[in-house]
*Asks:* 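Structure below; questions to follow.
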2 protein chains.
Amino acid sequence: MTGSRMTEKTAGIRDVAAHAGVSQTTVSHVLNATPHTRVSEDTAARVRAAAEELGYRPNRFARGLRTHASDMIGLVTEEIATTPHAGRIILGAQEEASRRNLTLAIINSELNPDPEVDSAQVQAFLDRQADGIIYATVYHDEIVAPENLRSRPAVLIGARDASGSIPAVMPDERAGAAAVVEMLVAKGHRRIGFAASVEDVPATRGRLLGYQQAMQAAGLPNDDLVAFGSADARGGYAATLELLDREPTAVFCYNDRMAMGAYRAAGERGLVIPADLSVVGFDDQAPIPDSLFPTLTTVTLPHYEMGAWAVSTLASLLHGKDEEALLAAHPTVLACPLLERESVAPPRSAALL
Amino acid sequence: MTGSRMTEKTAGIRDVAAHAGVSQTTVSHVLNATPHTRVSEDTAARVRAAAEELGYRPNRFARGLRTHASDMIGLVTEEIATTPHAGRIILGAQEEASRRNLTLAIINSELNPDPEVDSAQVQAFLDRQADGIIYATVYHDEIVAPENLRSRPAVLIGARDASGSIPAVMPDERAGAAAVVEMLVAKGHRRIGFAASVEDVPATRGRLLGYQQAMQAAGLPNDDLVAFGSADARGGYAATLELLDREPTAVFCYNDRMAMGAYRAAGERGLVIPADLSVVGFDDQAPIPDSLFPTLTTVTLPHYEMGAWAVSTLASLLHGKDEEALLAAHPTVLACPLLERESVAPPRSAALL
DNA sequence: CTGAAAGCGCTTACAG
DNA sequence: CTGAAAGCGCTTACAG
């Protein structure tokens, strides 16, 4: 088994050159399509044929040694494990990297409030010759990026750098929440409760703000329609129970887990969703929305898109497109689309009209 | 911004040698702790001090060019996105890689029944000089591994290679399911229903087999206690409804999503979990178990462990430990531990005794 | 215990 | 349009 692997001496550029009857220089020019270099189509064809025939694969080490480029970018993610959405960030980054012929390497970092500690992970990528680094965090408005992140092109996902000098991307939580309220209002709801999270993170603030602004814009009072709970099913259950005493026709939950609690609360009160009560979540956290009865209308986060954005932005930076300062000045904000499923209907009162 | 990055000429081994007053050879020996090479402690200390002071970081390209090793391993995963557990496989692999000073690069591959198509992903890693490759699939008993996987050390996660020549690891679904039945029996249950999945995948077969074997071993009839449904909440709902007509005291579901449906079905029939009916899931798929009322007792899959196993096994293979044939002969099977939460109680009948 | 020197496989001025 | 040659920064026999 192992034996069959040992002796496969792979062809080098020298072999290709010999086989095509040209110099290594020419082979290199043809295969890399070096700009400002003319090679006769005839010669080029011979080179390509030889490379093909010999199964030539350029040695990355040798190339890197000359060009100082690895075509590898490093992704440092806070807590791959515990954040349910990291997978989609990774997927977006990975697929965009493949499209651009870049290798994506990943390192997990512990969740911690002070990202300066993460410089070890960044260093690991610097040591490994990563061309650029993506630093993905969850739940931070602003972070102090590890100092060594500045020694290579870098972009941030999910947080803005305190110094404002690193391009960053984040979801537009506020607009996503506002869109939910607008949709509910359009369906005729006026008493729309919000089951808010007690956590003090950007998502909490952004979603609450979006709710409040949209309610105000619609001329709807909402002071008594916000209840707080922990950001899980139990918290959603408790907050919804509290809200239900104030007779809302719809409950918008901070996230899908809280929405699970809202379903439970509605069930206990004998309320049928969506006939008696509309419920909306946020996060589109698999497998919740499709597993609920009825399926949950919710808002999806642009994790895939943020991952892809990070890679393509980094790629531009690597190619010297000097938009870095521009990009860094204002974080890029990506939309959170509303996903309508079955948990929303017009309120009973509207049906009476 | 960009400017501050440009001119940092990093120290090379030559600089360290000059600074320490020794040759490059000696620096290399000291820093790499080359076996069978004596260097006086005095000299070694000077070298280390110089390296430290200059912030010396060996150039990976140059080293790789000589040693033919990248210290990078590639992970090809089928559908990072849609499989909920891929994240934990990646995490396990990543953390084990970090422990061993290896870089983990990942490539996503489309979910497809014929993994031969994935040779492009494998090729990408070969081209990038990966030392070894982990090929992770979901839901396959046996696959035909891409031919080019054999050109480097490789291991499989979640499937056995048809030729039996590549080491593989998979979860012990059967034992995990059997443990559930045993636990239920120990609590006094005798009529234990199984809400099975209609999918024809190893997990389906393994879990059903484990259920049947354990029931038989306990001397419990079970022919009428199996109902089939799709592997989601709707399927679990339908299967449980069917099962409920046969008056089980416990329903064991193929997975946690089906268990969500079982909760719904129990609720509709006015059954309180666990007092009137015990429910058990499988997968420990976040955030379901903790989001249910009551929390769900379930079985967890060793995804993290499989990822870590893959990396450490690959590392042994890379270091020439010739256990490959041994390992490849029989897939390694990892346990699926039972996680007891709140959804199981002794049956009412037992309470009467 | 230490070092001089070759060479890994490319890219890239430079020359023609 | 094409090629000879230097050199990227290491490791590793080999010699002393």
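Lettering of chains follows the sequences in order, A, B, ..., and the numbering in each one begins at 1.
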*Asks:* In whole angstrom, what separates B/His68's NE2 from C/dG7's C1'?
*Replies:*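 Whole-Å distance recorded here is 10 Å.
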
*Asks:* Without swapping roles, check the side chain of A/Arg152 against the backbone of A/Ala130 for a donor-acceptor pair under 3.5 Å.
*Replies:*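 Here the side-chain-to-backbone pair exists.
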
*Asks:* I need the CD-P distance between B/Glu41 and C/dT2, as an integer number of Å.
*Replies:*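 That distance rounds to 10 Å.
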
*Asks:* Does D/dT2 have its OP1 or OP2 closer than 4.0 Å to a side-chain nitrogen or oxygen of A/Ser40?
*Replies:*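 The answer is yes; a side-chain N or O of A/Ser40 sits under 4.0 Å from OP1 or OP2.
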
*Asks:* List the residues meeting side-chain contact (heavy atoms from CB on, under 4.5 Å) with B/Ile89, not counting sequence neighbours, and say none if there are none.
*Replies:* B/Ile157, B/His303

*Asks:* Tell me every residue that passes side-chain contact (heavy atoms from CB on, under 4.5 Å) with A/Asn32, counting only those two or more places apart in sequence or in another chain.
*Replies:*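 A/Asn32 satisfies side-chain contact (heavy atoms from CB on, under 4.5 Å) with A/Ser28, A/Thr34, A/Arg63 only.
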
*Asks:* Among all residues two or more places apart in sequence or in another chain, which pass the side-chain contact (heavy atoms from CB on, under 4.5 Å) test with A/Arg48?
*Replies:*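 A/Arg48 satisfies side-chain contact (heavy atoms from CB on, under 4.5 Å) with A/Val30, A/Leu31, A/Glu41, A/Ala44 only.
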
*Asks:* Quick one: A/Gln129 CD to D/dC10 C1', roughly how many Å, whole number?
*Replies:*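 Checked: the CD to C1' distance equals 11 Å.
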
*Asks:* Heavy atoms from C-beta onward define the side chain here; which of C/dG9, C/dA4, D/dT2 lies closest to that of A/Leu65?
*Replies:* C/dG9

*Asks:* Using a cut-off of 4.0 Å between protein heavy atoms and nucleotide atoms, how would you tag nucleotides 11-16 of chain C 5' to 3' with B, S and -?
*Replies:* BBB---

*Asks:* Salt bridge check, A/Asp71 against A/Arg100: does any charged N sit closer than 4.0 Å to a carboxylate O?
*Replies:* no

*Asks:* Calculate the interatomic distance between A/Leu31 atom CG and D/dT2 atom C1'; express it in whole Å.
*Replies:* 16 Å

*Asks:* For A/Arg14 and C/dG9, give me the distance from atom CZ to atom P, rounded to whole Å.
*Replies:* 7 Å

*Asks:* Listing request: all salt bridge (charged side-chain N to carboxylate O under 4.0 Å, His left out) pairs with a residue in residues 121-134 of chain B, at least two apart in sequence or in separate chains.
*Replies:*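 Sorted result for residues 121-134 of chain B: A/Arg57-B/Asp127.
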
*Asks:* Using the side-chain contact (heavy atoms from CB on, under 4.5 Å) criterion, which residues pair with B/Leu104? Sequence neighbours excluded.
*Replies:*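 Counting only residues at least two positions away or on another chain, B/Leu104 forms a side-chain contact (heavy atoms from CB on, under 4.5 Å) with A/Ile106, B/Ile73, B/Leu75, B/Ala93, B/Gln94, B/Ala97, B/Ile106.
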
*Asks:* A/Ser40: what forms a side-chain hydrogen bond (donor to acceptor under 3.5 Å, both in side chains) with it, not counting sequence neighbours?
*Replies:*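 A/Ser40 satisfies side-chain hydrogen bond (donor to acceptor under 3.5 Å, both in side chains) with A/Thr43 once adjacent residues are dropped.
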
*Asks:* Without decimals, in angstroms, what is the distance between A/Asp15 CG and C/dG9 P?
*Replies:* 9 Å

*Asks:* Dot-bracket, 5' to 3', for DNA chain D please: Watson-Crick or G-U pairs under 3.5 Å, [ ] where pairs cross earlier ones, | where the partner sits on another strand, dots elsewhere.
*Replies:* |||.||||||||.|||

*Asks:* How many whole angstroms separate atom CG of A/Asn59 from atom P of D/dC8?
*Replies:*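 Going from CG in A/Asn59 over to P in D/dC8 covers 18 Å.
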
*Asks:* Atom NE2 of B/His36 to atom P of C/dT2: distance rounded to whole Å?
*Replies:* 18 Å

*Asks:* Picking from C/dC1, D/dG3, C/dG3, which would you name as closest to the side chain of A/Val22?
*Replies:*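 So the side chain of A/Val22 is nearest to D/dG3.
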
*Asks:* side-chain hydrogen bond (donor to acceptor under 3.5 Å, both in side chains) with B/Tyr304: which residues, sequence neighbours excluded?
*Replies:*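 By the side-chain hydrogen bond (donor to acceptor under 3.5 Å, both in side chains) rule, B/Tyr304 matches B/Glu95, B/Arg99.
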
